[in-house]
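All chains are named by letter (A, B, ...) in the order of the sequence lines, taking the proteins before the strands, and each is independently numbered beginning at 1.
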Protein chains: 2
Amino acid sequence: MTPKLDSTPRKQPKQDRSQATVEAILMAAAHILTELGLDSFTTNRVAERAGVSIGSLYQYFPNKKALLFALAQQDAEKMQQLAQEHLTNVEHLTIAQVVQQIVRAAIAAHSANPRLHQVLHEQISRDQVMPAAAESQVENLLRSFLEQRRDQLKPENLDLTVFMVSRTIESLIQRAILDRTPWLESGELEAEITRLISGYLVKS
Amino acid sequence: MTPKLDSTPRKQPKQDRSQATVEAILMAAAHILTELGLDSFTTNRVAERAGVSIGSLYQYFPNKKALLFALAQQDAEKMQQLAQEHLTNVEHLTIAQVVQQIVRAAIAAHSANPRLHQVLHEQISRDQVMPAAAESQVENLLRSFLEQRRDQLKPENLDLTVFMVSRTIESLIQRAILDRTPWLESGELEAEITRLISGYLVKS
DNA sequence: CTAAAATATGAATGATTACTCATATTTTAA
DNA sequence: TTAAAATATGAGTAATCATTCATATTTTAG
């Protein structure tokens, strides 16, 4: 008897019609979150933007939180996928080169929809119910890479290292994007983060 | 005719009595924000906790945002003060030693009331009206230190360097505190951040 | 002592919003 | 063809909350 979470989908859409409804709702939700912000994110507004009655929304999402949950899942999947792509066939590269790959991938991932990503992130840290899966998945990729190169690494504590690296990259990029710094476009940021992390990781 | 901000205090408390009221309100506000979170942060609840009528609250704060504004100002002052204390009489130290001082100060600053600090931080990035003064003040201290040691530094772009250093330290500490990692207590975090930043800054 | 100024009160207002439910329409499958 | 299942509708409900205002109490100053 697994107690179902509040945010469990209310019912599975079976027909094409309802599938389209769910997609429209999710798109509208993302749009309102990014364009109008969390304060304007009301279930009625989402339904309206989706061109769907408020009742229909509640057919598939038992409450507002479930909507955010669903968006977070989508976001996590995209992140995970991007990380995968950039972290395969990497055996022949130096650590510094791989770090550059990672930084580049992270910039790409965050550039896609930074505001949505940020809002979801804040909700995750507020709500225990949300999937921190997004990070932990990506962090697992990082961890396995670091394990493979363990002999070339300066830090001893692998968990701490994963924390330092992932958190540093994530926050620098996130902030740079939201602040619209020029260092993103110019490539300076990528270079500096790469140097910061490489110097920290590699045995001198 | 400077258009007054919404968050301008409604009236200045002149008597001791009203001074006490304002302080009680601010204390209650901080308490509710940290203990119950932003969702439970209602003006009526703050007034109740302060032992004051809702009307009195609105005598001194024209709206809810003004309350957050006032808290943010208090917080900024404390941060600024702590940074000052830890960054004086530093001329005879190496860069690595100073970085350690900074990291230690930052840990102390954030440990004081991490949740309050985080909530205010999030509001600042959401609202344009809020004082980003907190960071910029501390960043100025950092900038002037880096300027003094410019010849020993590897990075060329000072603004970018300030961004990298302040943002990295801030986010690593914030996250470590909120995640309750054991690396804080053990001192490992302080050592690792210091190494990360020092390696990045100092000419090899 | 007294009137004006400062301060405090809290019920009431109006607006917002998450969510429900009774009913209507559409699709499926037999 | 038809009944059941799936899907859609949106006015309505109840709760919450920021803010106001008319009134009451306290303090100050002359």
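Atom CD of E188(A) has more than 12 heavy atoms from other residues, nucleotides or ligands within 6.0 Å.
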Please evaluate residues R195(A) and E192(A) with respect to the criterion salt bridge (Lys or Arg N to Asp or Glu O under 4.0 Å), reporting the C-alpha separation (whole Å), side-chain torsions for both, the decisive distance (0.1 Å), and the verdict. CA-CA 5 Å; R195(A) 196 166 68 70; E192(A) 287 292 280; 3.8 Å; yes
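Relative orientation of the H117(A) and H110(A) rings is perpendicular, given thresholds of 30° and 60° on the angle between their planes.
Nucleotide dA15(C) holds its P atom 16 Å from the CZ atom of R45(A), rounded to whole Å. Rounded to a whole Å, the CG atom of L38(A) is 15 Å from the C1' atom of dT16(C). In this structure, E48(A) places its CD atom 14 Å from C1' of dT16(C), rounding to the nearest Å. Put simply, CG on L67(A) is 13 Å from C1' on dC19(C), counting in whole angstrom units. One can place CG of L57(A) at 15 Å from P of dT7(D), the figure rounded to the nearest angstrom. Straight-line distance from the CG atom of D16(B) to the P atom of dA6(C): 15 Å, rounded to whole Å. Note: NZ (K64(B)) to P (dC17(D)) measures 8 Å, nearest angstrom. Here the P atom of nucleotide dC17(D) and the CZ atom of R49(B) are 17 Å apart, to the nearest Å.
Taking both residues in full, the closest heavy atoms of Y200(B) and M164(B) are given as OH-CG, 3.3 Å, listed atom of the first, atom of the second, then distance. Between A50(B) and A24(B) the shortest heavy-atom distance is CB-O, 3.6 Å.
Positionally, the nearest nucleotide of DNA chain D for S56(A) lies more toward the 5' end than for the other of S56(A) and N44(A). Nearest-nucleotide positions on DNA chain D place I54(B) closer to the 5' end than the other of R17(B) and I54(B).
Taking 4.0 angstrom as the limit, T21(B) places a side-chain polar atom (N or O) nearer than this to OP1 or OP2 of dA8(C). Under 4.0 angstrom from either OP1 or OP2 of dT19(D) there lies no side-chain N or O belonging to T43(B). Side-chain N/O atoms of S18(B) include one lying less than 4.0 angstrom from OP1 or OP2 on dT7(C). Between S53(B) and dG10(C) there is no side-chain N or O to OP1 or OP2 distance below 4.0 Å. Taking only side-chain nitrogens and oxygens, Y58(A) never comes nearer than 4.0 Å to OP1 or OP2 of dA8(D).
Taking 3.5 Å as the limit, the base of dA8(D) and the side chain of Q59(A) contain a donor-acceptor pair of atoms between them.
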